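One structure below.
Source: prediction; values computed, not measured.
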Amino acid sequence: MALKHQTPMLDELEKGPWPSFVSDIKKVAARKPMAEDLLGVLELSYKEKEGHWKHGGIVGVFGYGGGVIGRYCDRPDLFPNVAHFHTMRVNQPASKFYTTDVLRKICDIWEAKGSGLTNMHGSTGDIILLGTTTDQLEPIFYELTHELGMDLGGSGSNLRTPEGCVGKARCEWSCIDTQDIIYDLTMTFQDELHRPAFPYKFKFKCSGCPNDCVAAIARSDCSIIGTWRDDIRIDQEAVRAYIGGDFLPHAGGHESTKRALDIQAEVIDLCPTHCMEWDGKNLKIDNKNCVRCMHCITIMPRALRPGVDTGATILCGAKAPILEGAQLSSVIIPFIKMEAPYDEFKDFVDKLWNYWMEHGKNRERLGELIQRQGLGAFLKACEITPDPRMINTPRFNPYIFYDPADVPGGWEHDPKAFRERHQA
Amino acid sequence: MSDEKERIVEWMKQQKKSKQYFNDVCKAVPELNMRQAKKFINELVAEGKLKYWSSGSTTMYMLPSEGDVAKEEEGMA
C-alpha cells in the first residue's frame with residue numbers, strides 16, 4: 001500500500017541486516033494514520049535537520065502528576081494525525097513477568113486508542129505506549145487500571161517506576177527477593193510515584209547479586225544490590241571437573257565446545273584482589289578480601305556459589321550526565337538483611353528524601369547534592385556512621401569531606417602559607 | 001480553604017513566571033517542612049486550583065488561569 005508521505009531518507013534505514021524501526025512503523029502505518037504521519041514528520045526532521053516536536057505540557061490523568069508525557073507536533077498543518085502524540089508510561093510488573101493475555105490486552109487498548117506503537121520496554125523499565133491524543137488519556141487509564149489491574153509509571157519530579165532484575169524467579173545467584181522488594185516499594189511509595197514533590201527524578205533499582213543485571217549501580221539514585229557476608233560456597237569436585245574439561249565455562253554462555261579451564265589464567269589471575277589460590281587440588285578463597293566481583297562464580301557456576309548469609313548493599317547517587325558528568329552509586333550501607341517488610345530500609349529512605357527535599361536545588365539529583373555538600377553531610381542526615389567501605393581509596397576520593405569538629409584538635413589551614421611552601 | 005492553601009495560591013499569583021518548581025512553591029509556607037507542604041499543594045491540584053506542568057523529566061506547578069497553556073500547546077491559540 002502506498003503511504004501518504006515520501007520517505008527516501010528513512011528508507012535508507014531499512015537497508016542492511018539489522019532490524020529497522022522504520023520497517024516496523026511502516027507496517028503499522030498501513031492501518032494507522034498516526035503512524036503514517038509519524039513517518040512524515042520524521043522524514044521532514046531528517047531533511048531539515050530540525051526537530052518538530054514540542055515536549056511537555058499539562059496533560060495527564062486526574063490526580064496523577066506523572067505517567068503521561070505531553071508531546072505535540074509543531075506542524076499540525078502538515079501532519080494532523082500527530083498533532084497530539086503523547087507518551088504513556090505503564091508500570092511494568094516486577095521483573096517484567098507477564099501473561100500473554102495481559103500483553104494482548106495492552107496491545108488491544110493501544111491499537112484502539114493510541115498509535116499502536118510501543119516501546120517494550122523503555123530504559124526506565126516501563127512499558128512505553130507511544131502516541132495518543134489528549135481525549136484518549138482518561139479512557140486508556142481507566143482500562144489499564146480497571147481491566148488489567150495495571151497503573152501508570154513515574155515521570156517528572158516523581159519517584160520513577162522501581163525496577164528489578166529477574167531475581168530468585170529464575171536466577172540461582174540472587175541473594176534477595178528482588179520481585180518482592182520492587183513490588184513492596186512500588187506499593188509503599190505510591191504517593192511519591194504519582195504526586196511529584198522532589199527536586200528532580202528519583203530512581204530505585206534492585207539487582208539480586210553484584211552482577212547487577214539492571215545496572216542499578218550506574219542508573220539509580222538508590223541502588224539495592226544483593227550480596228552475602230559469609231563465604232563463597234565451593235564444590236571442590238566441580239572445580240576439578242572444570243579444570244578437567246567436564247563442564248563448559250560460563251555454563252556455555254560464550255562457547256559450546258567443552259574444554260579444560262585454565263584456572264590460573266582465567267580465574268586466579270583475574271581476581272581483582274588476588275584473594276584466590278589453586279594448589280593443584282583445591283581452590284582456596286580469602287573471603288575477607290573478596291570484593292564480590294562475581295567473576296569466579298560466573299565462570300564456574302557449578303563449582304562456586306554466593307554464601308548463604310545473604311542481604312543487600314545499599315548505594316546512592318548514580319546518574320547519567322546532565323548537569324554534571326555521569327556518576328556511579330557510592331556504598332552507603334555495606335550490608336542490610338533486606339527482609340520483608342523492609343522497615344529498616346524504608347526508614348533510611350525517609351531520612352534520605354527529607355535531606356534531599358530540604359537541601360536539593362531544583363533539578364539536582366541526589367548524587368549531585370552529595371557531591372556538592374559532601375558525603376559526610378549526607379551520612380549525618382541519614383544518621384549513618386561513616387565506614388571505610390564507603391569509599392574506594394580513603395583520603396584520595398574527593399567525595400568525602402571530613403568535619404574538623406570530629407577530628408581531635410581540628411585543623412587550621414593557611415592556604416597562603418601553603419602556597420609559599422609549595423610554589424611549583 | 002485553609003490558610004496554608006490560600007497563602008500558596010496568593011504566592012503563586014504574585015510570581016512573574018507562570019510555572020514554579022515545587023521547592024519554590026514551598027516558600028509560600030516556610031513554617032512547614034516539604035512533606036507537610038506537599039499535602040496542601042496536592043490538595044490544591046485535586047481541587048483544580050493548581051495544575052501540574054511536566055516536561056517529562058521535571059514537574060512544575062502553575063495556576064490554571066495562567067494563560068490557556070493547553071490550547072497553546074495544541075497549536076489552537
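The NZ atom of B:Lys38 sits 6.5 Å away from atom CZ of A:Phe198, with the distance rounded to the nearest 0.5 Å. Expressed to the nearest 0.5 Å, how far CD1 of A:Ile58 lies from OG of B:Ser54 amounts to 11.5 Å. Once rounded to the nearest 0.5 Å, the distance linking OH of B:Tyr21 with CZ of A:Arg363 reads 5.0 Å.
Residue contact with chain B, scored on non-hydrogen atoms closer than 4.5 Å, is absent for A:Arg71. At a 4.5 Å heavy-atom cutoff, the contact between A:Phe62 and chain B is made by side-chain atoms alone. Both the backbone and the side chain of B:Asn23 come within contact range of chain A, judged by heavy atoms closer than 4.5 Å. Residue A:Asp191 touches chain B through both its backbone and its side chain, counting heavy-atom pairs closer than 4.5 Å.
Distance alone, capped at 3.5 Å, is enough to place a donor-acceptor pair between the A:Ser157 side chain and the B:Thr59 backbone.
Residues passing the side chain to side chain contact (heavy atoms under 4.5 Å, CB included) test with A:Pro139 are A:Lys113, A:Gln136, sequence neighbours excluded. In this structure A:His121 satisfies the ring pair (Phe, Tyr, Trp, His ring centres under 6.0 Å) test together with A:Tyr98, sequence neighbours excluded.
A donor atom on one side chain and an acceptor atom on the other are not found under 3.5 Å apart for A:Asn354 and B:Asn33.
The closest side-chain heavy-atom distance from B:Ser57 to A:Tyr200 is below 4.5 Å.
Within a 6.0 Å radius of OH in A:Tyr142, other residues, nucleotides and ligands contribute 12 heavy atoms or fewer.
Electrostatic pairing of A:Asp350 and B:Arg35 counts as a salt bridge here, judged by a charged N lying under 4.0 Å from a carboxylate O.
Among A:Lys201, A:Lys361, A:Arg195, the residue making the largest number of heavy-atom pairs under 4.5 Å with chain B is A:Arg195.
Annotation for B:Tyr52 and A:His194: closest pair OH-O, 4.5 Å, computed over non-hydrogen atoms.
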